[in-house]
Structures are given as C-alpha cells and as structure tokens.
Peer 1: 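Below you will find the structure I want to go over with you.
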Amino acid sequence: MTHGEDVAARFTGSEVRGLAALLSAVGDAERGRLAASLREAGETGEARRVLIGHCAGRLLAGGDEASLVPFVRFWRETEPEAGEIPVADFVRLLPRADGFVAQLAVETLRRADAGGALGDDLFGEAVGALVFRLEKRLVAAALTWISDTMPRKAALPARGRVDAALDAVAAVLAQADPAHLDRAVRLALRLAPHAGERAREAVRAAAEELTGEPRERLAAAYGTGGPREDAGDGQRSDAGPRAREDGGPRAREDGGARAREDAAPAAGIAVRPLPALPAPIASPAELAAELTALGWDDPPARFERILAGLVELAHRDRPALAEALRPWWRRNWNDPFDAGTYVNSISGYDREIRSLLARCALAVVSPEDSRDLSAGFGERPGAWRRREEGPQAFVQERYREVIRMLEQGGSRPVLLAAPTEPTGHVDAETLVDRLERLGDAEPLPADLEQALLRLPREVAPETAGRAAALTSAAGRALAARLGHGPADPVVTCRVETMERTDRYHHLLRHKVREMHATVVPPGGVAGTPAALFTLAPEGTPYPGFSPDLAWWPGVMPSHREVAAAHLLECLPSCMEDTDGQTAALHALAHGDGPVGRATGAALVIGLGHRIPAQRAHAVDALLTLAARGQAPGEDPGWALAELVRADVVKLNRVTAALGGAVHAGAHAQVWAMLAAALPGLLPAQGEKARAGLADLLALASSAAALSGARGEVPALAAFASRRGSSRAAEAARALHRLLTA
C-alpha cells in the first residue's frame, strides 16, 4: 500500500476536517511526498480520487485563510487532471472566494479548459465573474485567459466563445479602469471580425461611455448606437439585447397598482423573453444525466423539471429509476453512509434546493440512508427549523414532502405544480388533467398549494366547468379558486428607520433608512397563501438576505406586487454582489397581477446595482412592463426619490441604467418616472444639488423630448429660476424650457 492509499484508507467516508487536520499537521516535505505518490497513481488511483474529492470539497466550503492554505498547497502539488476537477463548482467560486482561492480556481479552470473540460458557457461565466472582482490581478487574469484562448493565427474558437469573451471585455470597458482599458480595447478590436451581433452591441454600449481615442477606435470597428436586437442570453449592457414582444396580459388596478386597464402596449420596445421550458424528462437515464449535470445556480425551471420527472418515474418503475441513479449515488454520497457527515456539514443539506433535490433522489436509491439523514435534521412536520426569508421556506417544504413520501415507499403519478410556462404558471386545463390522473390519491399538500398559486388570473369557463365536476377535496379546492378568481392582498410601501447591527462588531448598533413593504392578506384566505400574503417589517439586527431570490417570482406568478414586496426585503443586501440576484426582477415582470410601489421600489434598487450587467436585469424588467402597457406609472419615480434620499441607491448608477432604457424605446416610461422623482430630488432653497443630479436632468430632457412631453413641473420651475451656473442649474433650465416651449 502506498503512502497515499494508506492516508485515504483512514479518511474515506470521514468528514473533511480529518483531512484538514492531516494537511495542517504535516510539514511541506511530508505533504509533498503524499502529493507525489498521488500524482504517480494517476486518475485511476482510489487514494487520489478520495483525497482530491475531499480537498475540493474543503475549498468549495470556504473559510479563513489559515485553514485553507494547506488545501491550496496540496491542490497545486497534486495537479488534478481536467477530468478530476468539478469545473462548474470552481466557476461558482470566482465571484465570492478570497483572492488567493480565486487565483487557485483560475489556475485550475485554465488547466481544465486546456483539457477540453470547460464549455463556452462556463468559460463565459468564469471570465465574466473575474472582471467584476476588485483585485486588479484577477481582472488581468481574465484578460490574459481570453487572450490566450483566442490565438492570433490559428482558427478562432466557435462564435459562442468569442461572444462570451467579448461580454467580459465589454464589462472591463464599461469600468474604464486605466489599468486595463488599453488591453481591453486591443482585445475588442482583435475579436471584432468574429463577433456576433449580441456581443457587438455589448461592446458598442460600453464604448459609448468612453472618450477620446478608445471610443473612436471601437466605433470604427463596432459602429455607434443603433437599435437593440435579440441575439440570445449572456451578460448584457444596461439595455442589452432583447427579442421583440408585443402586447401581453394587462395589469389591473388592484392592491395600490397604478397601471390602468386600458394602458396600451408601447410600440417599438424590444423585450428579452424568458427561456422556453424544455420537454418533460422521459426516461430514468435522462433523469440521471440531468441530475449529474445540475449546477448550484441553475434556473429554477431546471430543478422543477427534474423534480417532476423524479416523482413520475418513481411511480412508473421505481426499481428501474433506482438502478439508473446508482452510479450518481456512488459518486455523490459516502459509502458507508454516515448521516452525521451531512448533518454537521456547513453545506446546507437541510436548506439548499440543490441538496434537497439530491436528497429526493437519495430517497429513491437508498430510502434507509435518507431516513437516517432526515432524522438527523429533525425533519418532521412541526419540527423547529431556522427562519427563512420570504417564500423560501415554502419552496423547501415542497422538496421535503417529496423526500418524506419516497422514504415511506409512497408515490404519486404526477406532480401537480410542475410549471407549464416559463413564468412558473400552471395551465388550468393541465391542472385538471393532472388531478384526474391523481384519481383517489391525496395530493402532496404543498404541491397542491403551489399549483393553485401558479394558476393564471383568467381561466376559460369550460375549464372551470371541468374542475367543478371533480369530486376529490383537491378538485373542490381547484373549483373554488377558479370560481372566485385570485384574491389580492393589500400592499403598502414606505421608508422605515431600522436599527441594525454593525457588520464588523455585533455590539455596535446604528440606525439606517430602508424601504419596506407591508402585506395584509385578504379576508377568507388561510393556510399557505395567508402566510405568503403576510409581511411586516421586523426589528431584527440584520437586513434580509437570501441566495435564492430567483425562485420567488415563480412561487406567485399571478401576484407580482406581493412577490416584489418579498424581494424588497432582500435585494438591498445584494447590491454590491456578482451573484445575479437582480435576475429575479426580469422574471417578476413577465408574470401577471398588480404592480405598484413595491414593484417600483424593487426595480429602482435593481437599477442601482453596482455592476452594470446586473442593472441590465432591472432594465429588462422595466422594458417588459413598458412593452405590455403595465409600467407602474409614477411609483418608480416616488421610490427613486425616497431611496436616493435614504442613501439606499446611488443616483449615477440609476441614471446610467435608465439611459439604456431610453435608448431601447422606453422614453415615455422613463420620463413619467423622472417627472415623479424630480420634486423629491431637486434641492430646496439654500441646499446644494446632490451628486449626479445634472446627469439625471439631462437624461430627463432626452426622455421628455422623445416623448413630446409638455407642461410645467412646479418644483423644476422654482429650481430653474434661481441664480447659479452649476451644471445642475443649467440642466434644469434646459429641461424647463423644453417642457414650457
């Protein structure tokens, strides 16, 4: 037995802290001998597989530098091959890991890329994450990676990789950091002949913010301005590419919404649609492949598809499904199984949706292990669990009830709440079909509640008639929902003063101004809907946060204002991050139901994100609402003034994002927003104009001119009449002249 095999034998199936103790205790020479023996074993060595797996898990879990240094050294010395690297997980490290771990991840991913283990999408995600890091060396590493993977003389990679590279280059151009600007310009020029239209538009949009020679050189290669055209997904500028969409469901004047029933869709606005849903999973082999390929931050629709397939295939032929899942089970769960490894882990096996889905599959393959794990977490109805933000506890319960069913040997022929639309909606006719398939079997409680919440607001009379003929309790619940229509809660929104704990010292408190929504459920609504339709600001020490905001619009796709109220509790905590939480706003806009102040405030917070590519999701949401004639009127303007005065958002960021919306055709909606915001943003007599006001007023002039707006704004007239030659004063006079000409 080699030294490496001896060590692996002692740590196989044990918690990774055993390996931590070993690597921390041995010296450099001993660790080097261990790594050398593992290199000699090659990819087929069992000791190598075990120790590399444990080391990767520890790096992914994070921690302080002192505890991670031994793992970083061991990883470098062992030199994992491309096939041994969990590439998707290492890509997800890049936005959040400490600098020295992120540098290791770059080295590892470049090795995997050279071995063909990194596709274009993951390459784009990796370099896109790096260019938004604060460390200049990591931004430089991204540009070097792009340069090296795009050879000058050999044939360039496929269009997808070129466009992914240019998305990252455009982000560097938008930042206009002198340390990287010249190199980014040279890369953009080098790749220009091979760029697709979507990538060309991203570079054009970034170049328009530059000055002098860089702008001129890029304009010569990419052109200037021009309409936004659809060219697929990926990182985008604030008004990135969108596919055209005309019309859409009309907003209703309920729950404080200001959108009107007769509001006409805005012509000429291009909208980025949500990705279409793929076909249902058809076989155990397909399900095993999908489960294996699933990433931590894949969209909710992919999780929903796998869960629905798992339930249906387990009902149809559980032994065949278990056999297909067995290789996945051996790769992902310890053998022999030790529930304590997962119960005591920091990886969230009782909370993270990916882990809960994996536990659903575990309950199919090895129900006894699954029962041990659930017992360790105390997962039984009524058991205590940590508080989750917003609708997240409900999302988790849907997975837990499937786990319990499979652990007990039960099954259902169909999952009622599996979405039929990208928004998360469930077609009413399809839901009637599913209930008929269910027959006398009782539906899973949370599954039924979710299915009812996902019904569209309007249903054909013949579908309601079919539902009325169902005799089961679930059928009667469906008939009642279709007969009475959706019940809308009352949503109010205002700035509150909250006392928060200092992030660096838990004994220090400070008062902050925050935007909060209050949601009061309508009478007669009980159970899960009442819980989701209830929200009140809490005096907790910390602001709300959840890593799973993308799920929330799909929980209530017919209640946008309520979903926005929940998002509003957590979005401010994400405004400096690179994890894409503002994508929830784009999904929200594609739903249905009232929009009002909560929606307006959530949009403004998204427009104020630090990163332009993240603001783009909020711009997409604004354009979607505008194209459908559902933009929430003056509410975003009210929210903009309140949030700027409360120092929640920065005016210059919002102005940059709204400029993209104007360029994309939403000039009327932007003018309505700014006209409502100006009275709260203009300085009172004797006050100094706030930073960024001049640029906002210039944008307001552009939007007003394009909209043909006329009429005096009293607060603007008062400010324009004062003496002074500041940029803000001159911009105010220009806007006033335009409106009163």
Peer 1: Using atom types as modelled and distance alone, determine if a side-chain donor or acceptor of Thr292 lies under 3.5 Å from a backbone N or O of Ala288.
Peer 2: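 Answer holds: yes.
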Peer 1: So, are Arg326 and Glu323 salt-bridged, with charged N and O less than 4.0 Å apart?
Peer 2: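 A salt bridge links Arg326 with Glu323.
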Peer 1: Can you check whether Phe533's main-chain N or O pairs, donor with acceptor, with His559's side chain at less than 3.5 Å?
Peer 2: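 Flag not set: sc His559 to bb Phe533 has no pair under 3.5 Å.
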Peer 1: Do Asp167 and Val127 touch side chain to side chain, with heavy atoms closer than 4.5 Å?
Peer 2: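 Asp167 does not reach Val127 side chain to side chain.
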Peer 1: So do the side chains of Leu431 and Thr420 get within less than 4.5 Å of each other, counting heavy atoms only?
Peer 2: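 No. Closest side-chain heavy atoms not under 4.5 Å.
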Peer 1: Taking C-beta and beyond as the side chain, do Arg351 and Gln392 meet within less than 4.5 Å on heavy atoms?
Peer 2: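 A side-chain contact is absent here, since even the closest heavy-atom pair is not under 4.5 Å.
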Peer 1: Is Glu449 paired with Arg454 through a side-chain N to carboxylate O contact shorter than 4.0 Å?
Peer 2: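 Here Arg454 does not pair with Glu449 in a salt bridge, since their nearest N and O are not under 4.0 Å apart.
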Peer 1: Salt bridge or not for Arg305 and Glu286, using N-O below 4.0 Å?
Peer 2: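 Between Glu286 and Arg305 there is a salt bridge, with a charged N closer than 4.0 Å to a carboxylate O.
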Peer 1: Before giving the answer on side-chain contact (heavy atoms from CB on, under 4.5 Å), spell out for Ser558 and His425 the whole-Å C-alpha distance, their side-chain angles and the decisive distance to 0.1 Å.
Peer 2: CA-CA 8 Å; Ser558 291; His425 280 105; 2.9 Å; yes
Peer 1: Mark yes or no for whether Asp548, through its side chain, and Trp551, through its backbone, hold a donor-acceptor pair below 3.5 Å.
Peer 2: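 Judged by distance alone, no pair lies under 3.5 Å.
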Peer 1: With the threshold set at 4.0 Å, does a side-chain nitrogen-carboxylate oxygen contact exist between Arg412 and Glu312?
Peer 2: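 Salt bridge between Arg412 and Glu312, a charged N being under 4.0 Å from a carboxylate O: no.
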Peer 1: Are any side-chain N or O atoms of Thr423 and backbone N or O atoms of His590, one a donor and one an acceptor, separated by less than 3.5 Å?
Peer 2: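 No; judged by distance alone, with no hydrogens or angles, the pair does not exist.
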Peer 1: Salt-bridge test for Arg466 and Asp433: reply yes if a basic N is under 4.0 Å from a carboxylate O, no otherwise.
Peer 2: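 Looking at Arg466 and Asp433, the cut-off is met.
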Peer 1: Would you confirm whether Arg316, through its side chain, and Pro413, through its main-chain N or O, come within 3.5 Å as a donor-acceptor pair?
Peer 2: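 Side chain of Arg316 to backbone of Pro413: no pair is present.
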Peer 1: Just by modelled atom types, is the Ser546 backbone N or O under 3.5 Å from a matching donor or acceptor in the Gln581 side chain?
Peer 2: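 Pair found, side chain donor or acceptor close to backbone of Ser546.
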Peer 1: Going by an N to O cut-off under 4.0 Å, is there a salt bridge joining Arg434 and Glu429?
Peer 2: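 The answer is no: the pair does not qualify as a salt bridge.
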Peer 1: Mind checking whether Phe337 and Trp333 have parallel, tilted or perpendicular rings, split at 30° and 60°?
Peer 2: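 Tilted: the ring planes of Phe337 and Trp333 meet at 30° to 60°.
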